[in-house]
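The basis for the numbers below is simple: all heavy atoms, side chains too, and nothing from hydrogens, waters or symmetry mates.
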Amino acid sequence: MISKFTVTYNGLSKTFSTSVTASFLESIFGVSGIIGLELDDSLIIDLKDKDRSILSGREATLVFEKLSQNSQQKKSMTKQTVTRLSTSNVTITVEGDVFTLLMKGSNADFSFDSIHWTTNSVLNPESANNKFDGISVKTKDFNEKKISKLLLMTKNGIYTILGLPRNDLPLLYYFQNNNNTENLKVISGMAHPLHLAHGNVSTDGKIGLLQSYWRINAINCAYLSNNNNNGGKIFGARIGGFFTYTWGSNYGVDSLGNLCSAECCGCGITDTVYSPMTSGKKSFGVRQAHDSNALPGGGQITSDIHIYGL
């Protein structure tokens, strides 16, 4: 069955297949210069992209490259929208390397179950900068730029540089791979996501750090399985790892066999397993099960994070 979505322009609404072309839309609405679609939550879909799954069942408006000269308001809107479709071109130099901004995460906008990790969406790229301003951003570089290293940086200037398994793929690839775990290599900076979140290296002897310290899709496979009482639920991080403090390490394993726990930290956290879940979703931080805050330094930290690639 072909997925459908609805486009509204100048009061006229039409339903189309998600595989629709720009030229066909132009013929239907009697316009020219269509380059994309804007969804009701401000996501911009470039019509050159082949993956249109995010459009299914949604409502969208047209995005133009250029419009007629007799509409100053439309011209202004077009200039803004085209900027939002572009790559970020925002960089930062750390330890002699120049990294490109891929994502700025705030609040719970980029929790584990956010569509932005697994689709070629773009979010607020007009706000792409190195400021910690509380605005979440995802650029096309996240979807397209081939990278070999990640730089994760907090608002305190504390960072971790991580090596990816390959150097010929964009970051998006790793999250479209059926939630399979990939181990990451610590190149520089904070050795464990808990240190990055807390801003220090804790000396509390009760804290255990589960290897591999940094992982992509740090998630317990048992909770994703439909063969147990927790089928389809999530506990873990998109980029992060696990630790032990209140609970042990007998909480299953990820797809590589790494141990998991009921305490995780890093980027893109979701907990739909251990209620209550008042603080169960966050773009970056620390999550202890059951809303516990027993961990020294805080067990329910939510903070901003910037993710760069090289």
Salt-bridge test for [X] and [Y]: reply yes if a basic N is under 4.0 Å from a carboxylate O, no otherwise.
{"X": "Lys140", "Y": "Asp46", "result": "yes"}
{"X": "Lys155", "Y": "Asp304", "result": "no"}
{"X": "Asp133", "Y": "Lys104", "result": "yes"}
{"X": "Asp168", "Y": "Arg166", "result": "yes"}
{"X": "Asp97", "Y": "Lys149", "result": "yes"}

Going through the distances and angles, do Glu263 and Thr244 end up as a side chain to side chain donor-acceptor pair (under 3.5 Å)? CA-CA 6 Å; Glu263 300 163 289; Thr244 59; 5.5 Å; no
How many angstroms lie between [atom1] in [X] and [atom2] in [Y], if you round to the nearest 0.5 Å?
{"X": "Ile216", "Y": "Asp254", "atom1": "CD1", "atom2": "CG", "result": "12.0 Å"}
{"X": "Leu194", "Y": "Cys264", "atom1": "CG", "atom2": "SG", "result": "10.5 Å"}
{"X": "Asn258", "Y": "Ile219", "atom1": "CG", "atom2": "CD1", "result": "13.5 Å"}
{"X": "Ser292", "Y": "Tyr245", "atom1": "OG", "atom2": "OH", "result": "9.0 Å"}
{"X": "Asn183", "Y": "Tyr213", "atom1": "CG", "atom2": "OH", "result": "13.0 Å"}
{"X": "Gln300", "Y": "Gln288", "atom1": "CD", "atom2": "CD", "result": "6.5 Å"}

Considering non-hydrogen atoms only, spot the tightest contact between His290 and Trp247 and give its length.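 Distance-wise, the nearest heavy atoms are CD2-CZ2, 3.6 Å.
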I'd like to check [X] versus [Y] (side-chain heavy atoms, cut-off strictly below 4.5 Å). Are they in contact?
{"X": "Arg287", "Y": "Asp291", "value": "yes"}
{"X": "His198", "Y": "Leu295", "value": "yes"}
{"X": "Leu184", "Y": "Ser212", "value": "no"}
{"X": "Ile147", "Y": "Leu102", "value": "yes"}
{"X": "Met153", "Y": "Ile158", "value": "no"}
{"X": "Leu310", "Y": "Val98", "value": "no"}
{"X": "Phe142", "Y": "Ile307", "value": "no"}
{"X": "Thr61", "Y": "Val7", "value": "no"}

When hydrophobic residues are tied together by side-chain contacts of less than 4.5 Å, even through go-betweens, does Leu55 share a cluster with Tyr9? yes
Taking the cut-offs as 6.0 angstrom to the six-membered ring centre and 45 degrees off its axis, would you call Arg238 and Phe112 a cation-pi pair? yes
Quick one: sort the Phe24 and Phe16 rings into parallel, tilted or perpendicular, breaks at 30° and 60°. perpendicular
Would you call the rings of Trp117 and Phe175 parallel, tilted or perpendicular if under 30° counts as parallel and over 60° as perpendicular?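 Rings of Trp117 and Phe175: perpendicular, over 60°.
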Pick out which of Asn107, Asp113, Asp109 makes a side chain to side chain donor-acceptor pair (under 3.5 Å) with Ser111.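 Filter result, single survivor: Asp113.
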Please answer whether the main-chain N or O of Ser121 pairs with a side-chain N or O of Asn143 as donor and acceptor at a distance below 3.5 Å. yes
Quick one: are the ring centres of Tyr159 and Tyr308 less than 6.0 Å apart? no
Between Phe243 and His192, ring centroids under 6.0 Å: no
Would you please test Glu59 and Thr8 for side chain to side chain donor-acceptor pair (under 3.5 Å) and show each step? CA-CA 7 Å; Glu59 295 185 0; Thr8 301; 5.5 Å; no
